[in-house]
Amino acid sequence: MHGNVKLVSLAKDYGRLTAVAGIDLEIEAGQYCCLLGPSGCGKSSTLRMIAGHESITSGQLLIDGHDVGSLPPARRPTAMMFQNYALFPHLNCLDNVAFSLRMRGANKCERHARARDKLALVEMSDFAERMPAQLSGGQQQRVALARALATNPSVLLLDEPLSALDAFLRVRMRGELRRLQSDLNITFVHVTHSQQEAMSVADLVVVMNDGHIEQAAPPRQVYDAPDTGFVARFIGGHNILQGQIEPGPEPTFQLITTAGRVSGIDETGAGPRGAAAVAVRADKIRVGPPQESDGTNCVPGRVRTLEYHGATVRLELDVAGAEEFTVTLAEADYFAAPFQSGDRVQANWDVDAVHLLAR
């Protein structure tokens, strides 16, 4: 199988600004990889270096073991689907899809046959003769995707492919992209700032921040076991508590925080010591009225805001020593004993809701 992508100390500078700070990453052939992070984190620069649309300042870019860092885009086994789709307004759908084949010297019969095949793949055969202006946003996206696939690339690069669509279409197209990637069995590298988008489609989620990779792992691992406070905050669903570690009964540890004592499982087996931080899963926290306790994994707070999300209710609590403390309750659990803004409450959780952050 083709499509293995390896970045070795890959860096990109724009004058004095470092966009990508010497990252190392391997994307296995056939994987769906999402580069995820806030604006300015370096994800788009990384994608454009893989595509050949940005020069590499230093490091290596290998595809299937071959250094392609100095090759022009047309000589790389990659294709790119741009954020704005970049369809030619004067060409119909068929000719838009066939355009890259025309640039490669394919005759009209060959390129139209392959273009019709790719339009069928994205369920756009009936729109082959239409102009881009006659298509909806979702239809334009499908044509852009067919055009990117026309050259049969080993690696398909997608730059914020769903950002121009409404919420309903985004959900539908997430499933379509995942299906296509699975059917074609080629490598997808997809840039997004949407946590939900990355978690729903990717085999490998690469969380970037300030030009560095904070964590690269399967979606469930990124969510359940974030490496850093940044990952825990950016992915969401976690509360960060900081303090000093004290030994606890093995295999547990005790973190002494302003809010109270936190007990968790020492997953490292290294016997953590000193200053540390933990992430506490918001959906594993219980909330009730204040009551007597020994103070372990139990903190007092006041309800600041409530948000009804249908299946769940999100509470934001004021908790000593925590910049932000949220709780996600099942709808039935919340309405069985509802709270109001300003109510004093007590939040508590089990040891398996606590994850010790590596840094």
Side-chain angles (χ1 to χ4, degrees), residues 34 36 167 171 174 192-202 205 207 214-215 217-243 252-253 255 257 259-267 276-291 293 295-341 343-358:
C34 275
L36 172 67
V171 173
R174 286 202 307 252
T192 181
H193 61 268
S194 167
Q195 298 90 334
Q196 188 178 45
E197 190 175 304
M199 301 293 275
S200 65
V201 299
V205 175
V207 184
E214 294 270 338
Q215 187 170 3
R220 187 176 182 186
Q221 183 178 335
V222 170
Y223 187 79
D224 282 344
D227 279 353
T228 69
F230 175 84
V231 174
R233 290 187 182 95
F234 189 78
I235 291 297
H238 295 84
N239 299 295
I240 310 299
L241 295 172
Q242 298 178 322
T252 66
F253 65 87
L255 182 73
T257 76
R261 187 168 61 251
V262 178
S263 178
I265 304 296
D266 179 11
E267 301 150 337
V278 295
V280 182
R281 285 270 298 264
D283 60 336
K284 292 191 175 183
I285 298 174
R286 301 176 293 273
V287 177
Q291 54 187 314
S293 77
T296 302
N297 289 350
C298 181
V299 299
R302 185 191 293 271
V303 178
R304 182 190 299 171
T305 62
L306 301 107
E307 293 180 357
Y308 176 65
H309 292 170
T312 60
V313 177
R314 179 182 184 273
L315 306 181
E316 186 173 346
L317 308 183
D318 287 318
V319 169
E323 291 182 19
E324 183 177 317
F325 195 95
T326 62
V327 180
T328 303
L329 298 176
E331 179 195 30
D333 292 341
Y334 171 77
F335 284 106
F339 300 98
Q340 302 299 322
S341 295
D343 286 354
R344 290 192 176 278
V345 296
Q346 187 168 280
N348 62 88
W349 56 88
D350 299 326
V351 292
D352 65 357
V354 178
H355 172 67
L356 182 65
L357 297 170

Check the pair V207 / F230 against side chain to side chain contact (heavy atoms under 4.5 Å, CB included), numbers first and verdict last. CA-CA 9 Å; V207 184; F230 175 84; 3.9 Å; yes
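- Between the CG atom of L356 and the CD1 atom of I265 there is a distance of 11.5 Å, given to the nearest 0.5 Å.
- Within a 6.0 Å radius of CZ in R286, more than 12 heavy atoms belonging to other residues, nucleotides or ligands are found.
- Counting only heavy atoms from C-beta outward, the side chains of F253 and V354 approach each other to under 4.5 Å.
- Closest non-hydrogen pair, A347 versus L317, comes out as CB-CD1, 4.2 Å.
- Listed by chain and number, the residues in a side-chain hydrogen bond (donor to acceptor under 3.5 Å, both in side chains) with S263 are Q254 (sequence neighbours excluded).
- Atoms CD1 and NE2, from I240 and H355 in turn, are 9.0 Å apart once rounded to the nearest 0.5 Å.
- One distance of note links CG of L329 with OG1 of T312; it measures 8.5 Å at 0.5 Å rounding.
- Here the closest non-hydrogen pair linking Y223 and M199 is CB-CE, 3.5 Å.
- Residue K284 holds its NZ atom at 8.5 Å from CG of D350, rounded to the nearest 0.5 Å.
- The minimum heavy-atom distance linking Q242 with L255 is given by the pair C-CD2, 4.3 Å.
- Counted within 6.0 Å of CD on E331, heavy atoms from surrounding residues, nucleotides or ligands total more than 12; the atom is thus considered enclosed.
- Between V262 and N297 the shortest side-chain heavy-atom distance falls below 4.5 Å.
- To the nearest 0.5 Å, atom CZ of residue F325 and atom CG of residue N239 are 4.5 Å apart.
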If you apply the rule salt bridge (charged side-chain N to carboxylate O under 4.0 Å, His left out), what do you find for R304 with D318, and how did you get there? CA-CA 6 Å; R304 182 190 299 171; D318 287 318; 2.3 Å; yes
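- Between L36 and A198, the shortest heavy-atom distance links the atoms CD2-CB, 4.0 Å.
- Between T305 and S341, the closest heavy-atom pair is CA-OG, 4.2 Å.
- Below 30°, between 30° and 60°, or above 60°: for Y334 and F339 the angle between ring planes is between 30° and 60°, a tilted geometry.
- Side-chain contact between L357 and V231 is absent, with no heavy-atom pair separated by less than 4.5 Å.
- By the side-chain hydrogen bond (donor to acceptor under 3.5 Å, both in side chains) test, D343 pairs with no residue at all, sequence neighbours left out.
- Taking 4.5 Å as the limit, every side-chain heavy atom of P300 sits out of range of all side-chain heavy atoms of R344.
- With contacts defined as side-chain heavy-atom distances shorter than 4.5 Å, the pair R281/D224 qualifies.
- E197 is not listed as a side-chain neighbour of C34, based on a closest heavy-atom distance of 4.5 Å or more.
- Rounded to the nearest 0.5 angstrom, L315 CG and I285 CD1 are separated by 10.0 Å.
- Taking every heavy atom of both residues into account, Q221 and Q215 meet most closely at O-NE2, 4.1 Å.
- Every residue meeting the salt bridge (charged side-chain N to carboxylate O under 4.0 Å, His left out) condition with E324, not counting sequence neighbours, appears here in chain and number order: R314.
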